[in-house]
Amino acid sequence: MTLLAPHRTQTLRRAPALHQQPGKVGTLKITVIGAGVIGLSCAYELSELGHEVTVVDAGDVGAGGSAGNAGWVTPFLSTPRAAPGAVRDAVRSFTSTEGPARMRAHIEPGFAMWVLQFLRSSSKARSGRAAASLQAFSRQAIGHFDSLAERGVAFEQYRAGLAVVFKQAGNLDHYEQLLHRTRKLGYDGEVTVHRGTAAAEFDPAIRRDVAGVMHLESERHVRPETLTGGLAKAITAGGGQIIEHERVTRLVPSARGTWTVVTAESRSILSDQVVVAAGYPSRTLLRPLGVTVPLEAAKGTSMTAHGEGTVPSHPLKLYENMVACSPFGKAVRLSGTFDIGRRDSTLNHKRLDMVVRQGTGYLQDWRPTQVDVEWVGHRPTSVDDLPVIGPVPGHQGLYLATGHGTLGITLGPLTGALAAQEIAHQRHQSALDPFRLTRFTQRAQRSA
Ligand SMILES: Cc1cc2nc3c(=O)[nH]c(=O)nc-3n(C[C@H](O)[C@H](O)[C@H](O)COP(=O)(O)OP(=O)(O)OC[C@H]3O[C@@H](n4cnc5c(N)ncnc54)[C@H](O)[C@@H]3O)c2cc1C
């Protein structure tokens, strides 16, 4: 396990400069809305290219979906959830209280439309194309973590791979078929399989009676709050500005092609370019401009704790219950649930208790004794479960980066690097083509 120098998240607030002016010649003044992993990655790369960057967030830096998640950097798991079987899962989610995925109980028209489009994206043909695009894209992801570390961004990163643990042998067989299909899409990571007693020898923290483990050796994990903290620190060290606790309420275009970003606190930030990376609320910000982004929130929860017993040496995907177990030094984070359409941030203790109970059910003797954090966060999820990255059509100077669903940490640094090239240099990045906003309008036109 390799640990890169950790550092504490530092939140930064500078004296407000009301009515800031666009940047000097050659330097763009760019405002990024959202200080999650996506917004911060974009802002960092843009400041590295020499532009004047201001990040605005309604809350604390990195405190949204990017905070208490599992932190896996996992190209292998880059498969959209909109896939065959989604209809069956949707029906189950209405009836089960113990399942990992649940659907919002009160269906309003906007949510019903999202569900219909999601189910439409789940056909074999569409999900096959989406999986191929996502695999090809995520293959580049890990190198961008090395690039951040090389440039001095400090964060906790571990190279212990990712171990998928199975209680039932049949599920491991099924997963080996998935590995075979993922290999066909180009996945070339090292993989080993440990069956029966070899599984517990592989990591003594795992219960002796599991059926087996598939170890995806090339995957990594990071402590996500150190990644956002490290990016924030690097942005301000490079002269960028981060404004916390100010909600952006309006984006106002001017005839000159610039934008004014208006906050609830009456700050107006004049900008040459605006990047919207506000997670699922991005759709609300863009709606007044006539732009529809088919996004929903998929609520998840986690507990980070110190405990007694054997701490896992690897991050563990506990297959049957879809619970993630991430060791960060002596602390362990158990995370899970995918509650689609649940946009509130209330901690549901029943759901969190389920995650902890199901997660520890795979562990030999580790049990939490001191809870550090209980957390709720949202995955911004599009109708085809692919990210939405690129210029907003018909709105010069406006760029969107969101919809990373279950993969925001994995794809954050890569997204930031490619988006910055498009925003700052107008250099088209063909790797982003499968993720353009236009795919939704084109699809709607085809089916009309
Ligand atoms: C339980 C769980 C486990 C996960 N595990 C993993 C994992 O192992 N690996 C992985 O790759 N991904 C994982 N994810 C997914 C990942 O966490 C998300 O994809 C990612 O955090 C999304 O980042 P973001 O920057 O788009 O959104 P956020 O981190 O939510 O950031 C958006 C920011 O925008 C701000 N904002 C919103 N509206 C406004 C406004 N009007 N004005 C100003 N600011 C605004 C918010 O305050 C927020 O800070 C997990 C998610 C969950 C819930």
Side-chain angles (χ1 to χ4, degrees), residues 31-43 55-75 77-78 100 138 141 145 162 219-225 227-228 231-232 242-251 261-265 267 269 274-286 295 297-304 315 317 322-326 333-340 342 345 351-352 355 375-382 385 387-389 400-416:
T31 302
V32 178
I33 305 169
V37 68
I38 304 300
L40 292 169
S41 298
C42 293
V55 183
V56 192
D57 198 286
D60 288 330
V61 162
S66 301
N69 61 71
W72 297 349
V73 179
T74 175
L77 295 180
S78 298
S138 67
F145 284 82
L162 172 66
E219 317 289 271
R220 297 186 189 175
H221 76 292
V222 299
R223 188 157 186 162
E225 54 273 46
L227 178 61
T228 48
L231 285 165
I242 300 182
I243 301 165
E244 296 177 282
H245 304 288
E246 290 207 23
R247 180 171 299 283
V248 173
T249 50
R250 271 186 314 137
L251 303 173
V261 174
V262 182
T263 72
E265 287 70 21
R267 188 192 299 260
I269 309 171
V274 175
V275 181
V276 178
Y280 80 92
S282 301
R283 63 180 194 166
T284 318
L285 272 172
L286 292 179
L295 278 181
K299 184 175 169 182
T301 189
S302 73
M303 183 198 72
T304 311
K317 177 178 167 69
M322 289 172 66
V323 169
C325 173
S326 305
R333 178 170 295 164
L334 290 165
S335 59
T337 71
F338 189 91
D339 294 347
I340 195 74
R342 311 253 172 170
S345 297
R351 297 290 278 161
L352 181 56
V355 167
W375 177 81
V376 167
H378 299 94
R379 306 167 183 88
T381 306
S382 71
D385 204 13
V388 191
I389 310 167
L400 180 63
T402 187
H404 291 74
T406 58
L407 292 167
I409 299 299
T410 305
L411 301 177
L414 166 63
T415 299

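Order of appearance sets the numbers: ligands from 1, and atoms from 1 within every ligand.
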What residues, two or more places apart in sequence or in another chain, satisfy salt bridge (Lys or Arg N to Asp or Glu O under 4.0 Å) together with Lys317?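 Per chain and number, Lys317 pairs via salt bridge (Lys or Arg N to Asp or Glu O under 4.0 Å) with no residue.
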Proximal ligand 1 atoms for [X], defined as those under 4.0 Å from one of its heavy atoms:
X: Thr410; result: 10 (C), 11 (O)
X: Val37; result: 23 (O), 25 (O)
X: Leu407; result: 10 (C), 11 (O), 12 (N)
X: Gly405; result: 15 (C), 16 (C), 18 (C), 19 (O)
X: Gly36; result: 25 (O), 29 (O), 31 (O)

Give me the atom names and distance for the closest heavy-atom approach of [X] to [Y].
X: Arg333; Y: Ala67; result: NH1-O, 3.4 Å
X: Gly412; Y: Val37; result: CA-CG2, 4.5 Å
X: Ala70; Y: Ser335; result: CB-OG, 3.6 Å
X: Ser66; Y: Thr228; result: CB-CG2, 4.0 Å
X: Val55; Y: Gly34; result: CG1-O, 3.8 Å
X: Leu334; Y: Cys325; result: CD2-CB, 3.7 Å

Among all protein heavy atoms, pick the one closest to [atom] and tell me residue, atom and distance.
atom: atom 9 (N) of ligand 1; result: Trp72 O, 2.9 Å
atom: atom 41 (N) of ligand 1; result: Val248 O, 3.0 Å
atom: atom 13 (C) of ligand 1; result: Thr406 O, 3.3 Å
atom: atom 3 (C) of ligand 1; result: Asn69 CB, 3.4 Å
atom: atom 1 (C) of ligand 1; result: Arg379 NH2, 3.5 Å
atom: atom 48 (C) of ligand 1; result: Asp57 OD2, 3.4 Å
atom: atom 26 (O) of ligand 1; result: Ile38 CG1, 3.4 Å
atom: atom 27 (O) of ligand 1; result: Gly279 CA, 3.9 Å

Nitrogen or oxygen of [X] less than 3.5 angstrom from that of ligand 1:
X: Gly65; value: yes
X: Ile409; value: yes
X: Thr402; value: no
X: Gly39; value: no
X: Ala70; value: yes

Just to be sure I'm reading this right: ignoring hydrogens, which of Ser326, Ala58, Gly59 gets closest to atom 44 (N) of ligand 1? Compare them by their nearest heavy atoms.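 It is Ala58 that holds the nearest heavy atom.
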With atom 23 (O) of ligand 1 as the reference point, say which of Gly408, Ser66, Ala67 has the nearest heavy atom.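 Comparing heavy atoms across Gly408, Ser66, Ala67, the nearest one to atom 23 (O) of ligand 1 lies in Ser66.
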[atom2] on [Y] to [atom1] on [X], rounded to 0.5 Å:
X: Leu251; Y: Leu286; atom1: CG; atom2: CG; value: 6.5 Å
X: Thr301; Y: Asp339; atom1: OG1; atom2: CG; value: 9.0 Å
X: Arg283; Y: Leu400; atom1: CZ; atom2: CG; value: 13.0 Å

At under 4.0 Å between heavy atoms, is it the side chain or the backbone of [X] that contacts ligand 1, or both, or neither?
X: Ala278; value: both
X: Ile33; value: side chain
X: Glu246; value: backbone
X: Ala277; value: backbone

With heavy-atom distances below 4.5 Å as the criterion, would you say the side chains of Thr402 and Val276 are in contact?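 They are not in side-chain contact.
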Any side-chain heavy-atom pair from Leu77 and Thr410 closer than 4.5 angstrom?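 Contact flag for Leu77/Thr410 side chains = no.
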Out of curiosity, is Ser302 lining ligand 1, as in a heavy atom under 4.0 Å away?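 No.
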Do any heavy atoms of Gly71 fall under 4.0 Å from ligand 1?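 Distance cut 4.0 Å: Gly71 passes for ligand 1.
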Test His221 against Leu162 for side-chain contact (heavy atoms from CB on, under 4.5 Å), laying out the working first. CA-CA 8 Å; His221 76 292; Leu162 172 66; over 6 Å; no
Decide yes or no on side-chain contact (heavy atoms from CB on, under 4.5 Å) for Arg379 and Phe338, but give the supporting numbers first. CA-CA 8 Å; Arg379 306 167 183 88; Phe338 189 91; 3.6 Å; yes
Under 3.5 Å, is there a donor-acceptor pair between the His245 and Asp60 side chains?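 A pair is found: one side chain offers a donor N or O, the other an acceptor, under 3.5 Å apart.
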